Protein chains: 2
Amino acid sequence: MFSVSARTQYGIRALAYLARTPGWEAIGAQIAEAEGISPKYLEGILTRLATAGLVRSERGKNGGYRLAKPPGGIVMAEVVAALDGEVRPVDCVDSLGICDHDSSCRSRRFWIGLKFAIDEYLGNRTLADIIEEGADPVSTR
Amino acid sequence: MFSVSARTQYGIRALAYLARTPGWEAIGAQIAEAEGISPKYLEGILTRLATAGLVRSERGKNGGYRLAKPPGGIVMAEVVAALDGEVRPVDCVDSLGICDHDSSCRSRRFWIGLKFAIDEYLGNRTLADIIEEGADPVSTR
DNA sequence: CTTTTTCCTATCGGGATAATAGGATTATAT
DNA sequence: ATATAATCCTATTATCCCGATAGGAAAAAG
Ligand code: FES
Ligand code: FES
């Protein structure tokens, strides 16, 4: 239950790799090789991250990828949203009229509450928490 | 992302129905009819809930289903676990040796932290929070 | 104008989910 | 006993999403 897609896990590994690689030197094939990810599949992942404004890409010779912001500015909620979409336990979270129930539906509020709990966790942690040694990201801050 | 299966949503609706139906009078086909769920599919759901000790079933004539505990004793974490398994963002949450990383892997701790956040939400809410009017289950208690 | 790299589109296989089907079991009621 | 009414059990299907793959188009550098 609530398992994370390989796409998101790959994306985080790629981001962590970029955080260790300054400049434009990180090439897609290089990251795939180092992290053991299918190169072509990784392309789509990096494109999503670029579209979301988390990485910058440059094509042509001497092109490649780099982080668009320092690791501390890359919020994990954005990463997850870019790769697997917004946290949405049930479809009626943001668009009513799907279920035949009304807006006061108790189940709906229950799931929205879960969404808030997840968003709060993901929104308060950044890539820096994952790559840096030291503080434990599990503990509430 | 983090969407809930129809199975779990059906299960919650069935539980809510049982909470409104005293005694052994709740028959599978009846619940399915009232909640608009495929009868045969609902059977499997109720079996899971029974195996988990959340509902009791009696077969034969005059048989049916009823809650095994009062709604306030049915923790939503148990419901979710019974229908879709334990909260497990990544497989290495409880069994190491899957990823080629070691136990100090930062990503792993990050996901375990998310698991704790989700489990805390689901563990502190019961069926009573869903069926009862009044307090908003979204707010932290 | 050749090389290197990202970008775009299309396809494919596997696995899980939701649903369906048919019957076997169990208990009640007459 | 026997008919009835219900849960239980096993197997099958249809569909969708994901992870992966493929081939090439566009762009930037030298
Ligand atoms: S309105 Fe969507 S679950 Fe009730
Ligand atoms: S050990 Fe599983 S993600 Fe690192």
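Predicted model, so just to flag it, every value in this text is computed and none were measured.
Taking each heavy atom of A:I74 and A:L54 in turn, the nearest pair found is CD1-O, 3.9 Å.
Using a cutoff of 4.0 Å between basic side-chain nitrogens and carboxylate oxygens, B:E78 and B:K69 are scored as salt-bridged. Salt bridge A:R20/A:E35: present, at least one basic N to carboxylate O contact under 4.0 Å. The existence of a salt bridge linking A:K115 and A:D119 is confirmed by a sub-4.0 Å separation between a basic side-chain nitrogen and an acidic carboxylate oxygen.
A cation-pi arrangement is present between A:R125 and A:Y121, with the terminal nitrogen or guanidinium carbon under 6.0 Å from the aromatic centre and inside a 45° cone about the axis.
No side-chain heavy atom of A:V80 sits under 4.5 Å from any side-chain heavy atom of A:V4. Side chains of B:I131 and A:R106 form no contact here, defined as non-hydrogen atoms less than 4.5 Å apart. Considering only heavy atoms from C-beta on, B:Y65 stays 4.5 Å or farther from B:Y17 through its side chain. Between B:P39 and B:I37 there is no side-chain heavy-atom pair separated by less than 4.5 Å. Taking 4.5 Å as the limit, every side-chain heavy atom of A:F110 sits out of range of all side-chain heavy atoms of B:D129.
Taking the nucleotide of DNA chain D with the nearest heavy atom to each of B:I27 and A:V4, the more 5' of the two is matched to B:I27.
The separation between A:E43 atom CD and C:dT4 atom P is 16 Å, rounded to whole Å. Rounded to whole angstrom, the span from the CD atom of B:E35 across to the P atom of C:dA18 amounts to 17 Å. The CG atom of A:L42 sits 12 Å away from the P atom of C:dC7 (whole-angstrom rounding). In this structure, B:I45 atom CD1 and C:dT17 atom C1' are separated by 11 Å, rounded to whole Å.
The span of DNA chain D lying next to chain A, judged by atoms under 4.0 Å from heavy atoms, is bounded 5' to 3' by D:dG19 to D:dG30.
Proximity of residues 53-61 of chain A to DNA chain C (heavy atom under 4.0 angstrom from any strand atom) is restricted to A:S57, A:E58, A:R59, A:G60, A:K61.
In terms of phosphate contacts, B:N62 brings no side-chain nitrogen or oxygen within less than 4.0 Å of OP1 or OP2 of C:dA27.
Between B:Y10 and B:Y41, the ring-plane angle classifies as perpendicular under the 30° and 60° cut-offs.
Of the candidates C:dA18, C:dT5, C:dG23, C:dG23 carries the atom nearest the B:K40 side chain, counting heavy atoms from C-beta on.
With axes fitted over five pairs at each extremity, the angle between the ends of the helix from C:dC1-D:dG30 to C:dT30-D:dA1 is 10° (10° resolution).
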